[in-house]
Amino acid sequence: MALKCNLKLRMQFIDELNDSQRSAVAYNDGPLLVIAGAGSGKTRVLTYKIAYLLTQGIPAGHILALTFTNKAAREMKQRIIRLVGEDVARYLWMGTFHSICARMLRAEAEYIGFTRDFTIYDAADQKSLVKKIVKDLHLDDKIYKSGVVLSRISSAKANFVSPEQYAHSESFAKVDRLERLYKMASVYAEYNRRLKAANAMDFDDLLLYTVLLLREHADVRERYQQRFWHVLVDEYQDTNHTQYLIVKLLAEPQNHICVVGDDAQSIYSFRGATIENILTFQNGYQGAKLFKLERNYRSTQNIVNAANSLIHKNKGQIYKEVYSEKEEGERLHLTGYSNDREESASVARQILSLHRLNKRDYEDIAILYRTNAQSRSLEEEMRKFGIPYRIYGGMSFYQRKEIKDAIAYFRLAANVSDDEALERIVNVPKRGIGATTIARVREIALHDNIPMLRVMHNPEAYTGEISAATGRKLQAFAGMIQEFARQMQELPAFEFAQLVLNQSGLMNDAAQDTTAEGIDRKANLEELLSGVRQYAEDRLGQGEDTRITDFIHEVSLLTDQDEGLDDTTSRLTMMTVHAAKGLEFPIVFVVGLEENLFPSPFCQNESELEEERRLLYVAITRAEQECYLTYAKSRWKNGQINFSNPSRFLSDIDRRYILQLSAPSSEPSPWIEMPLQPSPSPRSLKPTTGLRPKTEQQTVASEWKTGDRIDHKVFGQGTVQRVYRENENEKIEIDFDTKGTKTLLLAYAKLIRI
DNA sequence: TGTCTCATTTTTTTT
DNA sequence: AAATGAGACA
């Protein structure tokens with residue numbers, strides 16, 4: 001068996017690796033730093049490195065590989081399985097820092113004063129907690145804005161700075177003084193205290209507590225050090241100081257460590273990532289060997305050269321000259337438009353033309369932008385032109401209100417101290433427990449230092465503060481949760497989820513609501529149930545029944561990159577540049593290349609500007625064959641028109657590699673007809689966030705009837721032809737006088753009654 | 001307590 | 001343009 005793998009691998013060594021890649025894979029004499037230029041086969045090196053170690057007889061369970069996304073981990077594992085077979089690769093420790101840390105922390109929870117069912121607070125939980133703290137400490141919420149406070153806390157945690165150290169840190173205090181955040185250290189301390197009281201961690205805590213665990217407990221540390229014979233880290237340029245400490249603690253004392261990264265692609269410093277980790281690697285690991293991968297296998301020469309000319313405007317990087325030996329290729333196309341609508345429309349038109357005339361697959365095309373908000377106008381134009389698309393980011397399934405509510409019930413049953421989950425659902429569906437009551441319960445809980453649920457269990461103890469009538473409601477709720485907590489131990493995940501959705505009234509509440517949203521909510525809850533069932537089935541055969549806690553733990557670490565892409569239609573991809581990291585497409589459009597957008601208006605100092613430049617470098621180097629750059633002279637932003645100049649980065653790119661085009665006329669090219677078929681598939685359309693029913697501004701199809709005159713943002717004025725239902729989505733068919741075409745719009749299409 | 005209306009704010013990227 | 005939050009009122 002081993003021999004067979006060895007042979008197989010050896011053949012692929014010869015076929016698929018170049019000299020530098022091969023040396024990096026086979027080097028086994030100490031710490032290893034691989035600087036891998038864009039498209040130079042970084043993932044391939046890691047994959048082969050791991051496969052190589054496996055064929056050397058290192059058991060999979062002794063190899064730890066840390067990646068940036070769950071998706072990257074999954075894909076790498078698949079590739080390794082293809083090289084060495086599943087039975088060899090199955091036990092690899094492979095995942096994001098966060099998921100691996102969570103796994104260790106749950107196993108060792110009691111060492112750090114948590115239980116193994118601790119909750120991971122998401123961004124919404126964090127925000128609501130910070131708001132409460134700011135209020136309780138009588139601070140001004142205009143100054144202590146939740147976003148600002150959280151980014152300060154996150155930055156402290158990314159640098160492994162405790163609240164005590166924060167209070168004495170001159171560098172943190174200096175920044176805080178500028179923002180008048182004099183009490184930041186107290187807010188941070190209280191925030192941590194309450195997370196711990198709730199048996200909860202935020203994302204940064206997963207890393208931070210792992211360091212504490214390993215540092216404070218020699219027995220645990222040694223156990224893991226003995227488990228991980230080899231530690232490999234992908235995207236090392238985007239790790240923060242806390243992650244550096246984790247890696248160091250795990251890799252010692254043998255330091256069989258291999259990190260791979262590209263300083264030119266470091267784009268997460270806003271999240272605490274520090275390029276220092278890569279720059280000083282050789283100081284931290286004595287005798288570390290450096291390999292550089294400089295040959296780009298992805299893009300044409302023009303694309304690589306253009307990207308190089310851009311990135312060379314940055315100072316302070318590890319010197320490397322990325323080159324391509326592919327064909328010269330087309331120059332980058334640069335086009336300016338008078339406004340964002342024209343930009344979107346022209347991109348859509350060009351994509352339609354690439355598809356129809358050049359026979360390009362939609363799957364081969366991506367549109368990248370700086371901010372998620374830019375997707376909206378692009379989305380409208382794609383629908384107008386009947387181009388199938390997929391948008392990453394924005395609101396995902398697990399962020400929908402009804403799903404978060406359902407999961408909050410699960411969370412509370414699993415962790416009765418989870419006050420954020422409790423506050424979320426204590427009155428959903430309505431139980432007559434209002435804000436005043438909740439505030440009182442919170443106050444008591446805080447004072448007695450117990451979970452809110454405990455207070456609700458025996459309200460008689462607080463007769464002065466809680467009336468008997470209210471007390472009964474609280475007790476009923478607490479009793480229900482207690483019952484859930486009990487059932488959770490006995491029932492398998494799916495049965496439990498079903499029970500909770502029914503007995504909590506969530507499902508019923510959605511079913512009663514016959515508006516389009518109600519129908520959607522019910523469908524989503526059912527989808528959640530089938531998701532739970534699917535999850536449980538996938539894990540069956542491991543012996544035990546899957547519990548709901550396994551499901552929530554997994555879900556709380558999911559990102560929208562990880563969501564099911566089970567449809568097979570060829571679709572155009574739209575995403576932020578950040579989300580595109582690590583991906584590649586034959587054709588890439590980078591839109592919105594303007595001052596005050598890309599680079600972002602928020603960054604003022606030179607180093608932040610350099611990060612934006614690296615971001616554009618990442619964007620351009622996603623392209624294999626063709627790259628289109630666009631900007632608009634004016635753009636809608638916060639309900640206002642903004643005028644701006646082309647991005648300064650455009651002049652950083654050597655003119656030799658750019659083909660500047662004048663904006664085409666806004667009329668459609670004669671050879672491209674408007675599509676006859678309705679474009680969007682229901683799945684790809686997400687309801688607008690926080691859609692409120694029955695307001696004047698937004699409306700749903702069910703509220704329209706045949707003959708209504710309407711005005712649509714894109715299509716202009718028209719008449720409603722008919723309203724009907726299909727696949728749980730209501731559709732409305734409209735005849736637009738101005739265009740003379742019939743078009744289908746989804747229920748959530750934005751319509752204005754005349 | 002719940003619902004409706006009006007005013008204010010928004011500044012990016014995400015595990 | 002749209003989401004959030006505070007205040008009025010039933």
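Side chains included, hydrogens not; waters and symmetry mates left out as well; all remaining heavy atoms used. Quick note on labels: first sequence line is chain A, next is B, and so on, each numbered from 1.
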If you check every side-chain atom of [X], which of [options] has the closest atom?
X	options	value
A/Lys142	B/dT9, B/dT12, B/dT14	B/dT9
A/Asn638	B/dT15, C/dA1, B/dT14	C/dA1
A/Ser600	B/dT14, B/dT12, C/dA1	B/dT12
A/Lys430	B/dT3, B/dT15, B/dT14	B/dT3
A/Trp636	B/dT13, C/dA1, B/dT15	C/dA1

Look at [X] and [N] and indicate whether a side-chain polar atom (N or O) is within less than 4.0 Å of OP1 or OP2.
X	N	answer
A/Ser99	B/dT15	no
A/Thr436	B/dT1	yes
A/Thr437	B/dT1	yes
A/Lys145	B/dT10	yes
A/Asn372	B/dT13	yes
A/Asn427	B/dG2	yes
A/Lys131	C/dG5	yes

Please check if any side-chain donor atom of [X] sits under 3.5 Å from a side-chain acceptor atom of [Y], or the reverse.
X	Y	value
A/Asn642	A/Arg635	no
A/Glu379	A/Tyr389	yes
A/Thr239	A/Asn277	yes

For this session: Please name the residue in the list A/Asp238, A/Thr69, A/Thr576 that meets the side chain to side chain donor-acceptor pair (under 3.5 Å) test with A/Lys581.
Result: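 Only match with A/Lys581 under side chain to side chain donor-acceptor pair (under 3.5 Å): A/Asp238.
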
Using atom [atom1] of [X] as one end and atom [atom2] of [N] as the other, report the distance to the nearest whole Å.
X	N	atom1	atom2	result
A/Leu597	B/dT11	CG	C1'	11 Å
A/Glu235	B/dT15	CD	C1'	13 Å
A/Asn596	B/dT10	CG	P	17 Å
A/Arg74	B/dT15	CZ	P	13 Å
A/Asp340	C/dA1	CG	P	12 Å
A/Asp140	B/dT9	CG	P	12 Å
A/Arg271	B/dT15	CZ	C1'	4 Å
A/Ile267	B/dT14	CD1	P	9 Å

For this session: For A/Thr96 and for A/Cys603, locate the closest nucleotide of DNA chain B by heavy-atom distance; then report the residue assigned to the nucleotide nearer the 5' terminus.
Result: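 Mapping each residue to its closest nucleotide by heavy atoms, the 5'-most match is A/Cys603.
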
For this session: Could you check A/Lys637 against A/Phe97 and say which one's nearest nucleotide on DNA chain B is further toward the 5' end?
Result: A/Lys637

Exercise. May A/Phe602 be described as stacking on the base of B/dT11, applying a 5.5 Å centroid limit and a 30° limit on plane angle?
Worked result: no

Exercise. Any stacking of A/Tyr268 on B/dT13, going by centres under 5.5 angstrom and planes within less than 30 degrees?
Worked result: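 No.
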
Exercise. Under 4.0 angstrom, heavy atoms only, what part of the nucleic acid is A/Phe68 near: base, sugar-phosphate, or nothing?
Worked result: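 If one applies the 4.0 Å heavy-atom cut-off, A/Phe68 turns out to touch the sugar-phosphate alone, with no base involved.
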
For this session: State, yes or no, whether a side-chain contact exists between A/Leu213 and A/Leu105 at a heavy-atom distance under 4.5 Å.
Result: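 A side-chain contact exists here, since the closest heavy-atom pair is under 4.5 Å.
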
Problem set entry | Residue list, side chain to side chain donor-acceptor pair (under 3.5 Å) with A/Thr96, at least two apart or on another chain |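 Result, side chain to side chain donor-acceptor pair (under 3.5 Å) vs A/Thr96: A/Ser99.
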
